[in-house]
Each structure stands twice: as C-alpha cells, then as structure tokens.
Amino acid sequence: CMMGLSVSGGLWMPADIFPGWLAAVSRWTPTARFGDLGWSVLDGHGPGAGTVAVLGGWLLIFAGYAVMAYRRGARTA
C-alpha cells in the first residue's frame with residue numbers, strides 16, 4: 001500500500017510527468033503531502049493549509065480504520 005501511494009504521490013518521479021488524471025489524484029495522496037511538508041520546511045516556511053487539511057483527512061481515515069480493525073479483532077479473540 002505504501003509503495004503504491006509513494007509512486008502515485010510523486011515521491012519516486014515528479015508528478016509533472018504524470019498524465020492529467022494521475023497528477024490530479026497525486027495531489028490528494030498522503031505521500032505527496034508529506035513531500036510538500038518536507039519541501040516547505042526546507043524552504044523555511046510552514047506548510048500550507050491544503051497540506052494540513054489533506055493530511056488531517058488521511059489521519060482520520062487511517063485512525064478510523066485502526067479503531068474498526070481493533071474492535072473487530074477484539075470480538076473474535
């Protein structure tokens with residue numbers, strides 16, 4: 001999952017060379033936004049509001065899945 005997200009997020013190659021649809025999807029992946037976070041720190045300024053919002057949304061998705069998987073595992077144990 002992480003390898004697919006890193007490739008589609010533009011961490012292995014620039015997202016500028018992607019086809020239009022993949023470049024649009026790339027902007028919404030958490031790996032692309034983590035890359036933006038690193039670049040903004042290197043540039044000497046804070047992350048943009050869009051970066052924080054997308055990362056916060058992915059945090060909620062992954063945390064919700066973790067809670068659901070934990071509860072499902074606790075029922076079967």
Side-chain angles (χ1 to χ4, degrees):
C1 182
M2 284 304 296
M3 185 174 169
L5 283 172
S6 64
V7 170
S8 65
L11 294 183
W12 286 20
M13 61 194 82
D16 299 335
I17 65 170
F18 289 161
W21 66 272
L22 188 54
V25 169
S26 174
R27 287 190 293 266
W28 294 97
T29 61
T31 51
R33 295 306 177 137
F34 275 120
D36 288 343
L37 187 65
W39 285 113
S40 66
V41 169
L42 286 175
D43 287 341
H45 55 81
T51 298
V52 173
V54 169
L55 286 175
W58 279 101
L59 173 71
L60 291 175
I61 290 170
F62 287 140
Y65 177 73
V67 167
M68 184 181 67
Y70 177 78
R71 287 182 180 166
R72 184 183 311 139
R75 277 187 297 196
T76 60

Q. When rounded to the nearest 0.5 angstrom, what is the spacing between CG in L55 and CG in D36?
A. 8.5 Å
Q.
Minimum heavy-atom separation for S40 and G46, please, with both atom names.
A. CB-O, 3.8 Å
Q. Would one find more than 12 heavy atoms of other residues, nucleotides or ligands at under 6.0 Å from atom CE of M3?
A. no
Q.
Is there a path of hydrophobic side-chain contacts, each under 4.5 Å between heavy atoms, that joins V52 and V41?
A. no
Q) Could you state the interatomic distance from CZ (F34) to CG (L5), rounded to the nearest 0.5 Å? A) 11.0 Å
Q. Is the backbone of L37 close enough, under 3.5 Å, to the side chain of T51 for a donor and an acceptor to pair up by distance?
A. no
Identify all side-chain donor-acceptor contacts of residues 19-27 below 3.5 Å with residues at least two apart in sequence or on another chain.
unit_1: S26; atom_1: OG; unit_2: S8; atom_2: O; d: 3.1
unit_1: S26; atom_1: OG; unit_2: G9; atom_2: O; d: 3.4

Q: Return the minimal non-hydrogen interatomic distance between W58 and W28, and the atom names on each side.
A: NE1-O, 2.7 Å
Q: Looking only at non-hydrogen atoms, find the nearest pair between F18 and V7 and report the distance.
A: CZ-O, 3.4 Å
Q: Kindly give the heavy-atom pair with the smallest separation between I17 and P14, and that separation in Å.
A: CG1-O, 3.1 Å
